[in-house]
Amino acid sequence: MNYFVRKALSFVIVIFCIISFSGFSLAQTLIVVLGDSLTEGFGVAKEEAYPHLLEKELQRKGHSVKVINAGISGSTSASAPSRLRWYIKTHPDIVILALGGNDGLRGLTVKHMKKNLSKAIELAQAEKILILLAGMQIPQNYGTEYTESFRKAFHELAKQYQLQMIPFLLKEVGGVSSLNQADGIHPNPEGHQIIVQTVMEYLEPLLPTRQ
């Protein structure tokens, strides 16, 4: 056998062994959760935040996945395009876009929120990355009209860009005192566990079929 062929085969075998022993899968699906404090896990341990729990639950069900928690407390939709541009370097297969809550809590314009999220969605779609849009809802602090316009914005984006959408990320958690911390905004560990089940319902159909 040619010397260079033997060398090439040896290199391939070494790489295969490294991959095998490291537990990494070439078919692994990479999921980035781009969000704010709800995603980061404000007030709870990293292992109690829903992105970490989501990865564990998906793996338990036999999916080969890696979930990156890309949540930053205080983030608004304005950060979505630039942050997504950075995470594109990791070559994600799916991005869960969970931003906008802080826009609503601060009374920022729905028009600008939609524009910011649109930029991020278009950026992802240009890179052939699937987007799972997380819908948000807010209390009526700024009046019924603003609250309803805010809620509808996510549905309008999902329709415009033909996205799979989680209607409300905090379904069965938002407004439930026993599932939130003292501030009434950020979920406690039990709340994060419920969020996982909500996300799973809409995320799992987007994953490759298990072998």
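Legend: salt bridge (Lys or Arg N to Asp or Glu O under 4.0 Å) pairs involving residues 119-130, not counting sequence neighbours: none detected. Contacts classified as salt bridge (Lys or Arg N to Asp or Glu O under 4.0 Å) and involving residues 147-164 (residues at least two apart or in different chains) are given here: Lys114-Glu156, Glu148-Arg151. Contacts classified as ring pair (Phe, Tyr, Trp, His ring centres under 6.0 Å) and involving residues 64-93 (residues at least two apart or in different chains) are not found. Contacts classified as salt bridge (Lys or Arg N to Asp or Glu O under 4.0 Å) and involving residues 35-58 (residues at least two apart or in different chains) are given here: Glu55-Lys66, Glu57-Arg60.
Residues passing the side-chain hydrogen bond (donor to acceptor under 3.5 Å, both in side chains) test with Thr109 are His112, sequence neighbours excluded. With sequence neighbours excluded, the residues forming a side chain to side chain contact (heavy atoms under 4.5 Å, CB included) with Gln164 are Leu132, Tyr202, Leu206, listed by chain and number. Applying the ring-ring contact (aromatic ring centres under 6.0 Å, His included) criterion to Phe42, with sequence neighbours excluded, gives His186. Partners of Thr144 according to the side-chain hydrogen bond (donor to acceptor under 3.5 Å, both in side chains) rule, which considers only residues two or more places apart in sequence or in another chain, are Gln140. Scored by the ring-ring contact (aromatic ring centres under 6.0 Å, His included) test, Tyr142 finds Tyr146 as partners (sequence neighbours excluded). Shown here are the side chain to side chain contact (heavy atoms under 4.5 Å, CB included) partners of Glu145, two or more places apart in sequence or in another chain: there are none.
Contact annotation: the side chain of Ile96 never approaches that of Ile131 to less than 4.5 Å [non-hydrogen atoms, C-beta and beyond].
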TODO: Start with the C-alpha gap between Phe150 and Gln137, add the side-chain angles, then the distance that decides, and say whether side chain to side chain contact (heavy atoms under 4.5 Å, CB included) holds.
DONE: CA-CA 7 Å; Phe150 178 87; Gln137 296 178 26; 5.6 Å; no
Verdict with reasoning, Ile166 to Leu203, per side chain to side chain contact (heavy atoms under 4.5 Å, CB included): CA-CA 9 Å; Ile166 304 168; Leu203 174 62; over 6 Å; no
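Not one N or O on the side chain of Asn69 forms a donor-acceptor pair closer than 3.5 Å with the backbone of His52. Side chain of Gln28 to backbone of His63: no donor-acceptor contact under 3.5 angstrom is found.
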Which pairs would a plain distance check flag for residues 187-196, meaning a side-chain donor or acceptor within less than 3.5 Å of a matching protein atom at least two apart in sequence or in another chain?
unit_1, atom_1, unit_2, atom_2, d
Asn188, OD1, Glu190, N, 3.1
Asn188, OD1, Gly191, N, 2.9
Asn188, ND2, Ser178, O, 2.9
His192, ND1, Tyr50, N, 3.0

Distance-only check: which donor-acceptor pairs under 3.5 Å involve side-chain atoms of residues 74-85, not counting sequence neighbours?
unit_1, atom_1, unit_2, atom_2, d
Ser75, OG, Ile72, O, 2.8
Ser75, OG, Arg83, NH1, 3.1
Thr76, OG1, Ala78, N, 3.3
Ser77, OG, Asp103, OD2, 2.7
Ser77, OG, Asn116, ND2, 3.0
Ser79, OG, Thr76, O, 3.0
Ser79, OG, Arg83, NH1, 3.1
Ser82, OG, Ser79, O, 3.2
Arg83, NH1, Gly35, O, 3.4
Arg83, NH2, Gly35, O, 3.0
Arg83, NH2, Ala70, O, 2.4

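Note: Leu207 CG to Ser64 OG = 10.0 Å, rounded to the nearest 0.5 Å.
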